[in-house]
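Okay, so here's the structure we're looking at.
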Amino acid sequence: MNLPDRVTEPREEAPKARDLAGLDAAVSRCYACPRLVDWREEVGRVRRRSFAADDYWARAVPGFGPADASLLLVGLAPAAHGGNRTGRMFTGDRSGDVLVAALHELGLASQPTSVSRDDGLRLHGVRFTAPVHCAPPDNRPTTGERDTCRPWLMRELALLRPTVRAVVALGAFGWQAVLPVLDASGWIVPRPRPVFGHGARAVLEPAGEGRALTLFGCYHVSQQNTFTGRLTPAMLREVLAAAWASAGGG
Ligand code: SF4
């Protein structure tokens with residue numbers, strides 16, 4: 001895949017990715033959303049005092065995990081001083097700490113921490129991604145930005161289709177964003193549309209060939225949720241274990 005230095009049309013570029021490595025490389029060159037490009041770069045210039053010595057990634061952050069994952073975790077967007085700093089989803093912030101610790105307890109991560117791109121973390125059978133690949137101001141992407149970014153998620157699901165059996169949406173934004181993508185990627189979304197909630201679950205039958213996929217809802221691993229106890233480690237573990245079992249793992 002010959003990649004341009006700057007991708008500005010995900011709709012044209014995403015379908016060209018032949019594998020997840022190519023897709024991830026293309027995502028990291030994306031400049032399609034001017035507001036998010038400005039923000040991710042400004043955060044990288046200004047920096048948080050505690051990370052002043054760090055060389056921020058300050059680009060789009062691709063998904064992370066094996067190309068034959070059977071479980072896909074869909075968050076919201078990279079954190080300004082987490083993924084936008086380290087260049088890897090759920091890495092270098094409290095959200096990543098909580099999520100990776102839970103995955104490690106279930107045997108799905110090689111280590112309990114996620115601190116940098118070169119920390120040696122390996123995921124087993126599970127992949128992280130997000131419907132928006134750039135850190136947004138206030139963690140709030142616009143619907144237009146979500147839609148501009150959608151072709152990346154569409155292609156990711158298409159490439160994972162042979163193996164993926166379960167998706168966990170971390171938060172309502174991820175749930176709303178992934179439903180139309182699943183619908184367009186060969187699974188039948190029940191009507192009325194399933195509603196997000198912690199512990200919600202919906203079985204999506206294949207539209208043609210293939211196998212069913214189960215969508216799980218889980219509160220996001222944001223600091224706001226984990227600090228307040230809205231999402232406890234036990235609650236997170238329970239959803240991830242159920243999703244992993246549904247994906248054929250547990
Ligand atoms: S949010 Fe998505 S579409 Fe927008 S610049 Fe980032 S990677 Fe590209």
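Atoms NE2 and NE2, from H124 and H104 in turn, are 8.0 Å apart once rounded to the nearest 0.5 Å. Distance check, rounded to the nearest 0.5 Å: CD of E105 to CG of L236 gives 9.0 Å. A distance of 7.5 Å separates CG in L213 from CG in L157, rounded to the nearest 0.5 Å. Between the CG atom in L123 and the CE atom in M89 there is a gap of 12.0 Å [rounded to 0.5 Å]. Considering OG1 of T163 and CZ of R127, their distance stands at 10.0 Å, rounded to 0.5 Å. Here the OG1-CZ distance, from T129 to F90, works out to 9.5 Å after rounding to the nearest 0.5 Å.
A salt bridge links R150 with D147: at least one charged nitrogen is closer than 4.0 Å to a carboxylate oxygen. Using a 4.0 Å cut-off between a side-chain N of Lys or Arg and a carboxylate O of Asp or Glu, K16 and E13 qualify as a salt bridge. Comment: R29 does not engage D24 in a salt bridge, judged by the lack of any side-chain N to carboxylate O separation of less than 4.0 angstrom. No salt bridge links R211 with E205; every basic N to acidic carboxylate O contact stays at or beyond 4.0 Å.
Relative to the six-membered ring of F64, R88 meets both conditions, a distance below 6.0 Å and an angle of at most 45° to the axis. R165 forms no cation-pi arrangement with F216, by the criterion of a distance under 6.0 Å to the ring centre and an angle within 45° of the ring axis.
In this structure, L72 and V126 have side chains that are not in contact, with every pair of non-hydrogen atoms separated by 4.5 Å or more. Counting only heavy atoms from C-beta outward, the side chains of L215 and R201 never approach each other to under 4.5 Å. Looking at heavy atoms from C-beta onward, V164 lies in side-chain contact with W187 at the 4.5 angstrom threshold. Between C134 and N84, the closest side-chain pair of non-hydrogen atoms is not below 4.5 Å. Between V189 and L204 the shortest side-chain heavy-atom distance falls below 4.5 Å. The shortest distance between side-chain heavy atoms of L20 and L160 falls below 4.5 Å. You'll find the side chain of W57 stays beyond 4.5 Å of the side chain of R85, heavy atoms only. Residues R94 and F227 form a side-chain contact, since some pair of their non-hydrogen atoms from C-beta on lies under 4.5 Å apart.
Residue R49 places its CZ atom among 12 or fewer non-hydrogen atoms of other residues, nucleotides or ligands, all under 6.0 Å distant. The 12-atom threshold is exceeded at CZ of R35, counting heavy atoms of other residues, nucleotides or ligands nearer than 6.0 Å. Within a 6.0 Å radius of CD in Q224, other residues, nucleotides and ligands contribute 12 heavy atoms or fewer. Annotation: E41, atom CD; neighbour count of heavy atoms from other residues, nucleotides and ligands within 6.0 Å is above 12.
With 3.5 Å as the limit, one finds no donor-acceptor pair spanning the side chains of S222 and S95.
Minimum heavy-atom separation, H220 to N225: O-ND2, 2.9 Å. Closest approach of E209 and R161 over heavy atoms only: O-NH1, 3.5 Å. Heavy atoms only, all atoms of each residue included: P137 and L36 are closest at CD-CD2, 3.9 Å. Here the shortest heavy-atom pairing between R47 and A52 reads NH1-O, 3.0 Å. Closest heavy-atom contact between V203 and P190: O-CG, 3.8 Å. Between W152 and C30 the shortest heavy-atom distance is NE1-SG, 3.6 Å.
Among the candidates L231, L73, L240, the single residue satisfying the side chain to side chain contact (heavy atoms under 4.5 Å, CB included) test with C218 is L231. Across D93, T91, D119, D97, a single residue satisfies side-chain hydrogen bond (donor to acceptor under 3.5 Å, both in side chains) together with S114, and that is T91.
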Side chain to side chain contact (heavy atoms under 4.5 Å, CB included) evaluation trace for T86 with V115: CA-CA 8 Å; T86 61; V115 294; over 6 Å; no
Yes or no on side chain to side chain contact (heavy atoms under 4.5 Å, CB included) for W175 and V168, after CA distance, side-chain angles and deciding distance? CA-CA 8 Å; W175 178 277; V168 175; over 6 Å; no
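Residues L170 and L108 fall within the same hydrophobic cluster, defined by Ile, Leu, Val, Met, Phe, Trp and Tyr side chains chained together at heavy-atom separations under 4.5 Å. Linking ILVMFWY residues whenever their side-chain heavy atoms come closer than 4.5 Å, directly or via other members, leaves Y31 and W39 in distinct clusters. A continuous path of hydrophobic side-chain contacts links L106 to V221 [ILVMFWY only; heavy atoms under 4.5 Å]. Cluster membership check: L103 does not share its hydrophobic cluster with L76, using side-chain heavy-atom separations under 4.5 Å among Ile, Leu, Val, Met, Phe, Trp and Tyr. Cluster annotation: L179 is connected to V239 through the hydrophobic network of ILVMFWY side chains, with a link wherever side-chain heavy atoms come within less than 4.5 Å.
Counting only distance, with no hydrogens or angles, the side chain of E12 and the backbone of E9 share no donor-acceptor pair below 3.5 Å. A donor-acceptor pair under 3.5 Å is formed between the side chain of H198 and the backbone N or O of Y219. No donor-acceptor distance shorter than 3.5 angstrom exists from the side chain of R146 to the backbone of P131, with no hydrogens or angles considered.
The aromatic ring centres of H81 and Y56 sit less than 6.0 Å apart.
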